[in-house]
Amino acid sequence: MRHTLAVLVENNPGVLARVAGLFSRRGYNIDSLAVGRTDNPAISRMTIVVEGDDRVLEQVTKQLHKLIDVIKISDITADEYVDRELVLIKVSAEPEKRGEIMQIADIFRARIVDLGRRTMILECTGNEGKIRAFEESLKPYGIKELVRTGKIAMLRGSRYTNINTNGAREDE
Amino acid sequence: MEKTGAQIFVDSLMEQGVETIFGYPGGNVIQIYDALYDADINHILTRHEQGAAHAADGYARASGRPGVCLATSGPGATNLVTGIATAYMDSVPLVAFTGQVSSALLGRDSFQEADITGITMPITKHNYIVKDISELARVVKEAFYIATTGRPGPVLVDILSDVAAARTSQEDCGPVNLPGYRPVTEPDPEQLNRAARAIARAERPVIYAGGGVVSAGAHNELRLLAELILAPVATTLMGLGGFPGDHPLALGMLGMHGSKYANFAVNECDVLIAVGVRFADRGTGKRDLFARDAVIIHIDIDPAEIGKNVEVDIPVIGDVKKVLAGLIERLEKKLPGAWQEKIQKWKKEYPITYEENGRLKPQQVIREIFKVTNGKARITTDVGQHQMFTAQHYTFTRPRTFISSGGLGTMGFGLPAAIGVQVACPDEIVFDIAGDGSFQMNVQELATAVNYQLPIKVAIMDNGYLGMVRQWQELFYNRRYSYTELINPDFVKLAEAYGAVGMRVTTPDEVASALQEALDIPQPVVIDFVIEREENVFPMVPPGAPLNKMLG
Ligand SMILES: Cc1ncc(C[n+]2csc(CCOP(=O)(O)OP(=O)(O)O)c2C)c(N)n1
């Protein structure tokens, strides 16, 4: 099963290498890892999607906790959360096909962010299913290049993951 | 007052109470060495950086205080790697400092540049690269704090050479601030209650004690608990000495070369109280058959050890000493019964012995070392048959007296570790029980022992083979001795060339007097024991077999 972890880390040099190295040397499978700083510039947040049963997940979490730079880990898989991924797709777009592609973009609420003589770049955000469907519908036109950010996720409602909470907490 | 980075470094070590460091100089630590020249810190110059790391490790294992080593950048730093990995696998508090090229040269594959923080990431508890003098004092403080608290382990600090040379008038380094590091030491009362209830119900309890008992200083609590509930105690290799080996409840070592009675007891117990162990494969044998009828209670300071290798029924996280004290409070005295009788019967039936046939046997030498030192020596070993013979035939009664590379199994550990042990314990007898193969991996450290007049005794178990590998070849590869025979130098002359005393023993009746003579010489002594060439270590659980299926 796939799990989504929200991981807060100190923004120290080498922290990404430490986390990624831990996964590879212990033989855990990372599906995706997205990282960026939070509102506090000293702290970054990683969203890690990892494949494994409960035992593997328990070990992943415990081993991650051992890293000195890791401040907090919440497995939010079982909770209600919003997740998004951003994809940029450069697709062949001969003039006569542009109309169709723009229709597809419309359906997926994607945006056209570049128009070349024979290509277009489309930007789309959404959860994994939507991104996959979007990619599938553009395939027939010929995808020249594709880049995804990896998934980021946030709990719904008044619950949140920050350094002052113990795991994912409700506001008092 | 203005200070250089090197002075801050030295002052920070003093503040940590560091008395001795083991090191080797070079261009990118020359500034630090210049500051050490005037410092009130004892520096031991080893002959190889690996020796410095093992010596610092031996110092830490014997004293319980953090060991400190220092090396220059690039090759100096990479030479520490095996020593750091050794300390990591056995959870030894070690702080390793390395010089690094200057900021202007960093990242350009400059002369003697190696990305040592990158290299040591998987074998350190944590590591740092210090690029700014304002961070230096805080980082040193944090490094010692991390190395010595929670589950101990090695920390590496890489210092840019221009940081060591820079000047600052900044005084205070501020408090240690590690929001992601909060080791749990206080056990949860509910976990303690659950464990105590299971132990109270047990009819066939066994305690399985590891290196965590020794490093937590929990040996007294362990003995009290064992006596209270009359549980026999098996130890891991790292746990030897954590429970008195001459105690009626002692089972000795468990696992691949453990005693039959330890292996039988664990195999048949109904409650296994695992204390400060990590269920390494050498201890458990085939994992899914390990203690398969038992409720497993796992006590450890590192939550990540729970469920890593075997499934645990009742975990208790916390400082082992506090957990054991908590259990003792909750339990009542038990009376001996059928289980204790069975254990005694096994102990009588399957004692650890060896066959005496008039030739010189390593087991005899080791038993004799125990005798002539009244069991009071600090013993280091290398890795191989001699290490297992030592674990089996020397009776360790006190913690921190058996010092050996367990997790990594590092040949070449014994001699430099003995140097660290002798520095930590100047008034005690230190014996390095070495293999002829292993000894040659760091033999150059004889020069260090002679240089600093450390009266270490080295007992080489000289079988002319990489014995343990040869044993596997004999048992599992049809006696095809592929590259395990050694053509050795004359170890007596070698010792003499280094300025140590060399002796040779070839028959059983010379052993005791030679050992006594060596003890009377206040210098490093190397004794070449020319032993039976194809002696094997038994009992043996073949790799991948369950604990009750032993050879020999
Ligand atoms: C650095 C290193 N290289 C290789 C090994 C693999 N190994 C384990 S035991 C052994 C033989 C050791 O021979 P020796 O030191 O002569 O001891 P003996 O087994 O004969 O007592 C070897 C090669 C090791 N443990 N460490």
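In what follows, every chain begins at residue 1, and chains take the letters A, B, ... in the order their sequences are listed. Please read these numbers as outputs of a predicted model, since none were measured by experiment.
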*Asks:* Under 4.5 Å heavy-atom distance to chain B, tell me which part of A:Arg55 shows up: side chain, backbone, both or neither.
*Replies:*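 For A:Arg55, the contact with chain B is made by the side chain alone.
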*Asks:* For A:Lys151, is there an ion pair with A:Glu85 - N to carboxylate O distance below 4.0 angstrom?
*Replies:* no
*Asks:* State the CD-OG distance between B:Glu113 and B:Ser102, to the nearest 0.5 angstrom.
*Replies:* 9.5 Å
*Asks:* Counting only non-hydrogen atoms closer than 4.5 Å, does B:Ile146 touch chain A with its backbone (N, CA, C, O), its side chain (CB onward), both, or neither?
*Replies:* side chain
*Asks:* Testing the 3.5 Å rule here: is there a donor-acceptor pair between the side chains of A:Asn12 and A:Asp69?
*Replies:* yes
*Asks:* Is it the side chain or the backbone of B:Asp302 that comes within 4.5 Å of chain A heavy atoms, both, or neither?
*Replies:* side chain
*Asks:* Counting only heavy atoms from other residues, nucleotides and ligands, does the tally under 6.0 Å from CD of A:Glu145 exceed 12?
*Replies:*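 No - once you tally the heavy atoms of other residues, nucleotides and ligands closer than 6.0 Å, there are 12 at most.
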